[in-house]
Amino acid sequence: MRYWLLIIFLLFLGTLLKAQCSGNLFKSGSFTHAVGEDVHPEEWSTGSTPDVNDTSATLHTTSGYQWIGKPLPSFDGGTWQNLYSQREYLEQTVYVTKGEAYTIRFEYAAQGIEIPGSTIFKDPVGIYIFIDGELAYTSPDDKTQYTWEKGCYQFIARSDTMTIRFCASIEQYVGLDGVCLIAGKQCGRPAPY
């Protein structure tokens, strides 16, 4: 009997750890959307033409490109947003409390693409986070194609509303998922995914 209770508890705990970010101040931080070129959840504003992709074999981006490897699912699961360079970005205005501490958590993955025999993007790449137009954080480059890395950034809010932007750190193709903004200093704690 104790064995079955332990199994049930562990399954329940696994479900909690996989759950979405509790108290997320971003809307649609999981980028759950139909896949496609130049698409994004409506809660996000964009620059240029970011894409939504998943683990299917089809790459949804500018015509002619294909994956150079097999996309892996993020820890957050489902679809994710792809960005190329600083021209393709996602941003959202959020309401916070001036002077309070906040944490941004996210997943990102270098995801190489190519036009066979012509153009290839497969270099390490990270994520820039801009707050109100100012570069606030640069993640380490993801040097392993298609593997998802976790990023975390803590800051003190300078005003009650802030516009937070995500983009690639260089001119490469990067996946972004599981974007979460929560109150408090949370970088030292386990991520919810």
Side-chain angles (χ1 to χ4, degrees), residues 16-36 38-55 60 71-96 100-111 125-142 146-157 161-170 172-193:
L16 285 178
L17 292 175
K18 184 91 171 138
Q20 292 297 319
C21 167
S22 180
N24 195 354
L25 298 175
F26 285 125
K27 296 176 184 165
S28 295
S30 288
F31 304 112
T32 302
H33 196 280
V35 295
D38 190 17
V39 295
H40 60 280
E42 65 184 40
E43 293 84 1
W44 292 88
S45 299
T46 66
S48 194
T49 59
D51 314 309
V52 172
N53 281 289
D54 62 12
T55 57
H60 300 277
L72 300 171
S74 68
F75 298 100
D76 191 57
T79 57
W80 62 81
Q81 199 77 54
N82 279 106
L83 304 169
Y84 172 78
S85 78
Q86 291 183 44
R87 292 184 303 278
E88 284 189 353
Y89 63 81
L90 293 164
E91 69 181 15
Q92 193 173 125
T93 299
V94 293
Y95 298 94
V96 292
E100 294 294 317
Y102 291 89
T103 299
I104 297 173
R105 290 180 184 225
F106 60 97
E107 299 176 60
Y108 65 105
Q111 295 183 321
V125 60
I127 294 288
Y128 281 163
I129 297 176
F130 289 85
I131 298 179
D132 293 331
E134 181 179 314
L135 180 61
Y137 176 76
T138 304
S139 74
D141 284 345
D142 179 12
Y146 300 104
T147 62
W148 289 90
E149 311 301 329
K150 295 178 182 179
C152 194
Y153 171 63
Q154 299 172 159
F155 64 95
I156 304 298
T161 60
M162 301 170 31
T163 299
I164 300 176
R165 174 182 293 188
F166 297 86
C167 64
S169 60
I170 60 173
Q172 295 294 314
Y173 205 61
V174 65
L176 178 68
D177 203 7
V179 173
C180 180
L181 173 63
I182 48 179
K185 294 183 177 181
Q186 305 287 325
C187 282
R189 298 183 182 176
Y193 42 78

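All figures in this text were calculated on a predicted structure; none of them were measured in a lab. Keep in mind that the numbers below use all heavy atoms, side chains included, and drop hydrogens, waters and symmetry copies.
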Smallest separation among heavy atoms of E107 and F75, with atom names: OE1-N, 2.6 Å
Residues that D51 engages under side-chain hydrogen bond (donor to acceptor under 3.5 Å, both in side chains), provided they are two or more places apart: T61, Y173
Interatomic spacing from OG1 in T147 to CG in D142 - rounded to 0.5 Å: 4.5 Å
Interatomic spacing from CG in L83 to CG in L176 - rounded to 0.5 Å: 6.0 Å
Close side-chain approach of P71 to N53, heavy-atom, < 4.5 Å: no
ring-ring contact (aromatic ring centres under 6.0 Å, His included) involving Y137 - partner list, sequence neighbours excluded: Y153
Where H40 and L90 come nearest, the two heavy atoms and their spacing: CB-CD2, 4.1 Å
ring-ring contact (aromatic ring centres under 6.0 Å, His included), paired with F31, selected from F166, W44, W80: W44
CZ-OG1 distance between R165 and T46, expressed to the nearest 0.5 angstrom: 10.0 Å
Nearest-0.5 Å distance that lies between atom NZ in K185 and atom CD1 in I156: 5.0 Å
Side chain to side chain, T103 and C152, heavy atoms closer than 4.5 Å: yes
Contact check, side chains of L181 and N24, non-hydrogen atoms, under 4.5 Å: yes
Side chain proximity check, Y95 to L25, heavy atoms < 4.5 angstrom: no
Where S30 and D76 come nearest, the two heavy atoms and their spacing: OG-OD2, 2.7 Å
Distance-only donor-acceptor check, side chains E88 and T49, under 3.5 Å: yes
Check: K150 and W148 side chains under 4.5 Å, non-hydrogen atoms: no
Value rounded to 0.5 Å, distance of CD in E91 from CZ in F26: 10.5 Å
Exercise: identify the closest heavy-atom pair between D177 and S74: OD2-OG, 2.6 Å
Side-chain touch Y102/V94, heavy atoms, less than 4.5 angstrom: no
Donor-acceptor under 3.5 Å (D141 side chain, G126 main chain): yes
D38: side-chain hydrogen bond (donor to acceptor under 3.5 Å, both in side chains) partners, not counting sequence neighbours: none
By side-chain hydrogen bond (donor to acceptor under 3.5 Å, both in side chains) - contacts of T163 (at least two apart): T93
Partners meeting ring-ring contact (aromatic ring centres under 6.0 Å, His included) with Y84 (sequence neighbours left out): F121
Any Q81 side-chain heavy atom under 4.5 Å of P41 side chain: yes
V39 to H33 - nearest heavy-atom pair and separation: CB-CE1, 3.9 Å
Any donor-acceptor pair under 3.5 Å from S139 side chain to I127 backbone: yes
Side-chain heavy atoms of P140 within contact of Y108, under 4.5 Å: yes
Under 3.5 Å donor-acceptor, R105 side chain and C21 backbone: no
Nearest non-hydrogen partners of S85 and C167, listed with the distance: O-CB, 3.8 Å
Distance-only side-chain donor-acceptor flag, E43 / S28, under 3.5 Å: yes
N/O donor-acceptor pair under 3.5 Å between Q92 side chain and K27 backbone: yes
Partners passing salt bridge (Lys or Arg N to Asp or Glu O under 4.0 Å) against E149 (at least two apart in sequence or in another chain): none
Check: N82 side chain, V174 main-chain N or O, donor-acceptor pair, under 3.5 Å: yes
